[in-house]
Amino acid sequence: MAKLVLLLSLLMSISARAYVGAVSSATGESGRASVESTDAPFLNPASLAFLKGYLFSAGYSTANDQQNERGQDFAVAITDSMKDTVVPTALSFVQSKVDFASEEQVARNFKLSFGNFISPGLAMGFGLRYKDDQQPQERFNQINLDVGSLYTLNENLGFAAVFENVLGAKSNIPEELRLSPRMSVGMAYIYKRFLRTRFDVLSATNNSWDRPTASLGLETYLNRWVIFRIGAQRRNEEAANVYTTGLGFAGPRFGIHYAYLTSPEQESFTRHTVDLAFPIW
(Lines give C-alpha, C1' and ligand atoms only; values in the text may rest on other atoms or scores of the structure.)
Protein backbone atom coordinates (compact mmCIF):
# COMPACT_ATOMS: atom_id res chain seq x y z
CA MET A 1 0.00 0.00 0.00
CA ALA A 2 2.81 2.42 0.86
CA LYS A 3 4.41 1.81 -2.52
CA LEU A 4 1.09 2.44 -4.29
CA VAL A 5 0.74 5.78 -2.51
CA LEU A 6 4.25 6.78 -3.60
CA LEU A 7 3.53 5.79 -7.19
CA LEU A 8 0.29 7.77 -7.27
CA SER A 9 2.11 10.75 -5.80
CA LEU A 10 4.72 10.54 -8.56
CA LEU A 11 2.01 10.22 -11.20
CA MET A 12 0.12 13.26 -9.91
CA SER A 13 3.25 15.39 -9.63
CA ILE A 14 4.28 14.52 -13.20
CA SER A 15 1.00 14.69 -15.12
CA ALA A 16 -1.83 16.27 -13.12
CA ARG A 17 -0.67 19.88 -13.23
CA ALA A 18 0.28 22.04 -16.18
CA TYR A 19 3.80 21.48 -17.47
CA VAL A 20 6.30 23.97 -16.03
CA GLY A 21 9.50 24.66 -17.96
CA ALA A 22 12.97 25.15 -16.57
CA VAL A 23 12.78 28.95 -16.24
CA SER A 24 9.69 28.92 -14.03
CA SER A 25 10.70 25.67 -12.32
CA ALA A 26 13.91 27.35 -11.11
CA THR A 27 11.89 30.19 -9.59
CA GLY A 28 9.59 28.07 -7.44
CA GLU A 29 7.26 27.24 -10.37
CA SER A 30 6.16 30.88 -10.43
CA GLY A 31 5.87 32.96 -13.59
CA ARG A 32 2.25 33.33 -14.71
CA ALA A 33 2.74 37.11 -14.85
CA SER A 34 6.08 36.84 -16.66
CA VAL A 35 6.74 36.58 -20.38
CA GLU A 36 8.99 33.62 -21.22
CA SER A 37 8.97 31.95 -24.62
CA THR A 38 9.52 28.49 -23.08
CA ASP A 39 6.69 28.83 -20.53
CA ALA A 40 4.05 30.96 -22.26
CA PRO A 41 2.36 28.08 -24.16
CA PHE A 42 1.93 26.13 -20.89
CA LEU A 43 1.39 28.57 -18.00
CA ASN A 44 -0.59 31.55 -19.33
CA PRO A 45 -1.86 31.84 -22.92
CA ALA A 46 -2.32 35.61 -22.50
CA SER A 47 1.45 36.08 -22.38
CA LEU A 48 1.66 35.03 -26.06
CA ALA A 49 0.56 38.56 -26.97
CA PHE A 50 3.76 39.98 -25.44
CA LEU A 51 6.16 37.66 -27.31
CA LYS A 52 7.89 38.69 -30.52
CA GLY A 53 8.93 36.36 -33.33
CA TYR A 54 8.49 32.77 -34.47
CA LEU A 55 9.83 30.60 -31.66
CA PHE A 56 10.61 26.94 -31.00
CA SER A 57 11.28 25.43 -27.58
CA ALA A 58 11.85 21.94 -26.21
CA GLY A 59 12.09 20.71 -22.63
CA TYR A 60 12.87 17.56 -20.72
CA SER A 61 12.45 16.78 -17.01
CA THR A 62 13.00 13.67 -14.94
CA ALA A 63 12.05 12.64 -11.40
CA ASN A 64 12.63 9.67 -9.09
CA ASP A 65 10.97 8.65 -5.82
CA GLN A 66 12.24 6.63 -2.85
CA GLN A 67 11.46 3.35 -4.61
CA ASN A 68 13.46 4.42 -7.68
CA GLU A 69 10.30 4.65 -9.77
CA ARG A 70 10.94 7.04 -12.64
CA GLY A 71 8.87 9.82 -14.10
CA GLN A 72 9.71 12.01 -17.06
CA ASP A 73 8.26 14.79 -19.20
CA PHE A 74 9.13 15.72 -22.77
CA ALA A 75 7.70 18.97 -24.12
CA VAL A 76 7.87 20.87 -27.40
CA ALA A 77 6.17 24.10 -28.47
CA ILE A 78 6.03 26.33 -31.53
CA THR A 79 4.88 29.93 -31.10
CA ASP A 80 3.88 32.32 -33.90
CA SER A 81 3.91 35.92 -32.68
CA MET A 82 5.31 37.75 -35.70
CA LYS A 83 4.64 41.43 -36.32
CA ASP A 84 2.02 40.67 -38.99
CA THR A 85 0.39 37.78 -37.08
CA VAL A 86 -3.29 38.56 -36.49
CA VAL A 87 -3.59 36.44 -33.32
CA PRO A 88 -0.43 35.11 -31.64
CA THR A 89 -0.72 31.32 -31.50
CA ALA A 90 1.16 28.44 -29.89
CA LEU A 91 0.95 24.69 -30.46
CA SER A 92 2.43 22.57 -27.69
CA PHE A 93 2.81 18.90 -26.85
CA VAL A 94 3.81 17.24 -23.57
CA GLN A 95 4.38 13.52 -23.05
CA SER A 96 4.63 12.28 -19.46
CA LYS A 97 5.72 8.78 -18.49
CA VAL A 98 5.70 6.98 -15.15
CA ASP A 99 7.46 3.63 -14.85
CA PHE A 100 5.41 1.31 -12.61
CA ALA A 101 8.03 -1.44 -12.37
CA SER A 102 7.59 -3.32 -15.66
CA GLU A 103 4.54 -1.34 -16.89
CA GLU A 104 4.56 2.22 -18.17
CA GLN A 105 1.83 4.81 -17.74
CA VAL A 106 1.82 7.48 -20.45
CA ALA A 107 -0.03 10.80 -20.62
CA ARG A 108 -0.02 12.92 -23.78
CA ASN A 109 -1.17 16.53 -23.73
CA PHE A 110 -1.88 18.60 -26.84
CA LYS A 111 -2.65 22.29 -26.45
CA LEU A 112 -3.57 24.99 -28.95
CA SER A 113 -3.27 28.45 -27.39
CA PHE A 114 -4.23 31.95 -28.51
CA GLY A 115 -3.47 35.30 -26.92
CA ASN A 116 -4.00 38.91 -27.95
CA PHE A 117 -4.34 42.44 -26.60
CA ILE A 118 -7.82 43.71 -25.80
CA SER A 119 -6.52 47.12 -24.68
CA PRO A 120 -3.07 48.68 -24.21
CA GLY A 121 -1.17 46.58 -21.68
CA LEU A 122 -4.02 44.08 -21.17
CA ALA A 123 -4.08 40.71 -22.93
CA MET A 124 -6.42 37.72 -22.82
CA GLY A 125 -5.69 34.18 -23.90
CA PHE A 126 -7.32 30.79 -24.39
CA GLY A 127 -5.83 27.32 -24.49
CA LEU A 128 -7.75 24.32 -25.85
CA ARG A 129 -6.33 21.17 -24.28
CA TYR A 130 -6.63 17.48 -25.18
CA LYS A 131 -5.24 14.88 -22.78
CA ASP A 132 -4.80 11.18 -23.53
CA ASP A 133 -3.90 8.84 -20.65
CA GLN A 134 -2.78 5.33 -21.55
CA GLN A 135 -2.84 2.89 -18.64
CA PRO A 136 -1.81 -0.80 -18.71
CA GLN A 137 -5.46 -1.90 -18.93
CA GLU A 138 -7.43 1.28 -19.74
CA ARG A 139 -7.31 4.48 -21.74
CA PHE A 140 -8.89 7.85 -20.93
CA ASN A 141 -9.42 10.97 -23.04
CA GLN A 142 -10.28 14.48 -21.87
CA ILE A 143 -10.86 17.88 -23.48
CA ASN A 144 -10.71 21.12 -21.52
CA LEU A 145 -10.08 24.85 -21.76
CA ASP A 146 -7.72 27.29 -20.03
CA VAL A 147 -8.37 31.04 -19.84
CA GLY A 148 -5.70 33.55 -18.91
CA SER A 149 -5.18 37.29 -18.55
CA LEU A 150 -2.06 39.44 -18.18
CA TYR A 151 -1.95 43.14 -17.37
CA THR A 152 1.26 45.17 -17.40
CA LEU A 153 1.03 48.41 -15.46
CA ASN A 154 4.42 49.36 -16.94
CA GLU A 155 7.49 47.54 -18.25
CA ASN A 156 8.50 46.57 -14.69
CA LEU A 157 5.22 45.42 -13.11
CA GLY A 158 2.68 42.85 -14.28
CA PHE A 159 -0.31 40.95 -12.89
CA ALA A 160 -1.95 37.75 -14.12
CA ALA A 161 -4.95 35.53 -13.50
CA VAL A 162 -5.26 32.05 -15.03
CA PHE A 163 -8.22 29.67 -14.93
CA GLU A 164 -7.29 26.10 -15.80
CA ASN A 165 -9.76 23.44 -16.98
CA VAL A 166 -12.80 25.70 -16.81
CA LEU A 167 -15.03 23.03 -18.39
CA GLY A 168 -14.78 20.94 -15.21
CA ALA A 169 -13.51 17.44 -14.50
CA LYS A 170 -15.04 14.23 -15.84
CA SER A 171 -16.29 12.04 -13.00
CA ASN A 172 -15.53 8.79 -14.85
CA ILE A 173 -11.79 9.61 -14.95
CA PRO A 174 -9.61 8.39 -12.04
CA GLU A 175 -9.01 11.27 -9.64
CA GLU A 176 -5.24 11.31 -10.10
CA LEU A 177 -5.68 11.74 -13.88
CA ARG A 178 -8.50 14.31 -13.98
CA LEU A 179 -8.15 17.76 -15.48
CA SER A 180 -9.58 19.46 -12.40
CA PRO A 181 -10.37 23.19 -12.32
CA ARG A 182 -7.73 25.41 -10.74
CA MET A 183 -7.28 29.15 -10.49
CA SER A 184 -4.04 31.06 -10.06
CA VAL A 185 -2.96 34.66 -9.69
CA GLY A 186 0.52 36.02 -10.18
CA MET A 187 2.68 39.12 -10.01
CA ALA A 188 6.05 39.93 -11.59
CA TYR A 189 8.24 42.91 -10.69
CA ILE A 190 11.60 43.99 -12.13
CA TYR A 191 13.80 46.14 -9.91
CA LYS A 192 16.15 48.40 -11.89
CA ARG A 193 16.71 45.63 -14.49
CA PHE A 194 18.85 43.89 -11.89
CA LEU A 195 16.46 41.73 -9.89
CA ARG A 196 13.34 40.05 -11.24
CA THR A 197 10.81 38.82 -8.72
CA ARG A 198 7.82 36.53 -9.22
CA PHE A 199 5.01 35.56 -6.88
CA ASP A 200 2.14 33.17 -7.69
CA VAL A 201 -0.71 31.68 -5.68
CA LEU A 202 -2.46 28.59 -7.06
CA SER A 203 -5.70 27.17 -5.71
CA ALA A 204 -6.11 23.58 -4.65
CA THR A 205 -8.11 21.12 -6.76
CA ASN A 206 -11.56 22.31 -7.87
CA ASN A 207 -10.74 25.97 -7.19
CA SER A 208 -10.62 25.46 -3.43
CA TRP A 209 -8.63 28.08 -1.52
CA ASP A 210 -8.44 26.15 1.76
CA ARG A 211 -5.01 24.68 0.87
CA PRO A 212 -3.40 26.88 -1.79
CA THR A 213 0.09 26.66 -3.28
CA ALA A 214 2.29 29.74 -2.87
CA SER A 215 5.38 30.23 -5.07
CA LEU A 216 8.13 32.84 -4.90
CA GLY A 217 11.08 33.22 -7.25
CA LEU A 218 14.01 35.55 -7.91
CA GLU A 219 16.35 35.82 -10.87
CA THR A 220 19.30 38.04 -11.72
CA TYR A 221 21.88 38.32 -14.50
CA LEU A 222 25.38 37.29 -13.48
CA ASN A 223 26.69 38.83 -16.70
CA ARG A 224 25.29 39.71 -20.11
CA TRP A 225 24.20 36.16 -20.92
CA VAL A 226 24.05 34.06 -17.72
CA ILE A 227 21.05 34.14 -15.36
CA PHE A 228 20.91 32.79 -11.81
CA ARG A 229 17.54 31.74 -10.40
CA ILE A 230 16.26 30.65 -6.99
CA GLY A 231 12.81 30.01 -5.54
CA ALA A 232 10.60 28.32 -2.97
CA GLN A 233 7.12 26.88 -2.93
CA ARG A 234 4.65 25.78 -0.27
CA ARG A 235 2.20 23.12 -1.42
CA ASN A 236 -0.44 23.06 1.28
CA GLU A 237 -2.54 20.44 -0.51
CA GLU A 238 0.35 17.97 -0.20
CA ALA A 239 1.77 19.50 3.02
CA ALA A 240 5.18 19.87 1.37
CA ASN A 241 7.84 22.53 0.83
CA VAL A 242 9.74 22.74 -2.46
CA TYR A 243 13.05 24.53 -2.96
CA THR A 244 14.40 25.40 -6.40
CA THR A 245 17.46 26.80 -8.13
CA GLY A 246 18.82 26.99 -11.64
CA LEU A 247 20.97 28.65 -14.27
CA GLY A 248 20.18 29.96 -17.72
CA PHE A 249 22.04 31.13 -20.80
CA ALA A 250 20.09 33.65 -22.89
CA GLY A 251 22.08 34.17 -26.05
CA PRO A 252 21.08 36.14 -29.15
CA ARG A 253 20.34 33.02 -31.22
CA PHE A 254 19.45 30.38 -28.65
CA GLY A 255 18.85 29.85 -24.95
CA ILE A 256 19.41 26.93 -22.61
CA HIS A 257 18.03 26.75 -19.07
CA TYR A 258 18.39 24.29 -16.20
CA ALA A 259 16.33 23.88 -13.00
CA TYR A 260 16.59 21.66 -9.95
CA LEU A 261 13.69 21.13 -7.54
CA THR A 262 13.82 19.29 -4.24
CA SER A 263 11.37 18.63 -1.42
CA PRO A 264 12.27 17.26 2.03
CA GLU A 265 8.70 16.00 2.55
CA GLN A 266 7.87 14.56 -0.90
CA GLU A 267 10.71 12.86 -2.75
CA SER A 268 8.53 12.56 -5.86
CA PHE A 269 8.59 16.36 -6.27
CA THR A 270 12.37 16.33 -6.74
CA ARG A 271 13.29 16.71 -10.41
CA HIS A 272 15.74 18.08 -12.98
CA THR A 273 14.50 20.13 -15.95
CA VAL A 274 16.32 21.39 -19.05
CA ASP A 275 14.87 23.68 -21.74
CA LEU A 276 16.16 24.81 -25.13
CA ALA A 277 14.78 27.84 -26.97
CA PHE A 278 15.43 28.89 -30.56
CA PRO A 279 14.04 31.97 -32.35
CA ILE A 280 13.35 30.75 -35.88
CA TRP A 281 12.54 34.22 -37.24
Side-chain angles (χ1 to χ4, degrees), residues 18 20-55 57 77 79-90 113-127 146-164 183-203 212-233 244 246 248-252 255 257 275 277 279:
V20 182
V23 174
S24 293
S25 291
T27 54
E29 294 192 335
S30 60
R32 288 162 180 82
S34 299
V35 180
E36 295 287 349
S37 61
T38 55
D39 288 322
F42 307 103
L43 287 186
N44 186 356
S47 60
L48 296 174
F50 293 85
L51 292 175
K52 301 299 180 184
Y54 199 87
L55 310 166
S57 64
T79 302
D80 180 4
S81 189
M82 300 289 287
K83 186 177 180 179
D84 57 351
T85 301
V86 177
V87 179
T89 305
S113 303
F114 307 92
N116 211 348
F117 290 102
I118 59 175
S119 66
L122 177 62
M124 294 287 295
F126 302 89
D146 296 344
V147 179
S149 64
L150 178 57
Y151 174 65
T152 55
L153 189 63
N154 52 54
E155 63 179 8
N156 297 318
L157 182 61
F159 301 91
V162 181
F163 302 85
E164 298 178 21
M183 176 186 176
S184 58
V185 293
M187 181 187 76
Y189 175 68
I190 302 174
Y191 177 71
K192 294 184 178 180
R193 298 186 179 182
F194 167 72
L195 185 66
R196 301 181 180 185
T197 62
R198 305 173 172 194
F199 180 68
D200 288 8
V201 179
L202 175 67
S203 74
T213 295
S215 303
L216 174 66
L218 305 172
E219 67 175 20
T220 184
Y221 276 81
L222 299 180
N223 55 42
R224 186 179 180 183
W225 310 114
V226 180
I227 310 168
F228 172 72
R229 302 182 176 100
I230 192 171
Q233 183 183 68
T244 69
F249 174 82
H257 307 277
D275 281 353

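Residue numbers count from 1 along this sequence.
- Rounded to the nearest 0.5 Å, atoms CD (Glu164) and CG (Leu202) are 6.0 Å apart.
- Contact annotation: the side chain of Leu150 approaches that of Val35 to within less than 4.5 Å [non-hydrogen atoms, C-beta and beyond].
- Side-chain contact between Ile190 and Leu195 is absent, with no heavy atoms from C-beta onward closer than 4.5 Å.
- Between Phe194 and Tyr221, the distance separating the two ring centers is not shorter than 6.0 angstrom.
- Taking each heavy atom of Met187 and Asp200 in turn, the nearest pair found is N-OD1, 4.0 Å.
- Using cut-offs of 30° and 60° for the angle between ring planes, the Trp225 and Phe249 rings count as tilted.
- At least one side-chain heavy atom of Gln233 sits under 4.5 Å from a side-chain heavy atom of Thr213.
- Side-chain N or O atoms of Asp80 include none that pairs as donor or acceptor with a backbone N or O of Tyr54 at under 3.5 Å.
- For the pair Asn116 (side chain) and Val86 (backbone), a donor-acceptor distance under 3.5 Å is present.
- Across all their heavy atoms, Thr27 and Arg198 have their closest contact at OG1-NH1, 3.3 Å.
- Atom-to-atom distance recorded for Leu216:CG and Thr197:OG1 is 7.5 Å, nearest 0.5 angstrom.
- Within the structure, the side chain to side chain donor-acceptor pair (under 3.5 Å) test picks out the following pairs touching residues 186-196 (sequence neighbours left out): Arg196-Glu219.
- With sequence neighbours excluded, the residues that form a side-chain hydrogen bond (donor to acceptor under 3.5 Å, both in side chains) with Ser184 are Arg32.
- For the atom pair Ser34 OG and Asn44 CG, the distance stands at 10.0 Å (nearest 0.5 Å).
- Side-chain contact between Leu51 and Ser37: present, with at least one pair of heavy atoms (C-beta onward) separated by less than 4.5 Å.
- Considering every non-hydrogen atom in both Val20 and Asp39, the closest pair reads C-OD1, 4.2 Å.
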Exercise for review: Please lay out, stage by stage, how Arg229 and His257 fare under the test side chain to side chain contact (heavy atoms under 4.5 Å, CB included).
Suggested key: CA-CA 10 Å; Arg229 302 182 176 100; His257 307 277; 3.3 Å; yes

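- In terms of the side-chain contact (heavy atoms from CB on, under 4.5 Å) criterion, residue partners of Pro41 (sequence neighbours excluded) are, by chain and number, Ala77, Thr79, Ala90, Ser92.
- What you find for Ala40 and Leu48 is that their closest heavy atoms are CB-CD2, 3.9 Å.
- In this structure, the side chain of Asp275 does not engage the main chain of Gly21 through any donor-acceptor pair within 3.5 Å.
- Atom-to-atom distance recorded for Ser203:OG and Phe163:CZ is 9.5 Å, nearest 0.5 angstrom.
- Rounding to the nearest 0.5 angstrom, the gap separating the CZ atom in Phe126 from the OG atom in Ser113 is 11.5 Å.
- Note: Thr220 OG1 to Phe228 CZ = 9.5 Å, rounded to the nearest 0.5 Å.
- Taking the side chain as every heavy atom from C-beta outward, Phe50 and Thr152 approach each other to under 4.5 Å.
- Counting only N and O atoms by type, the side chains of Glu29 and Ser24 include no donor and acceptor under 3.5 Å apart.
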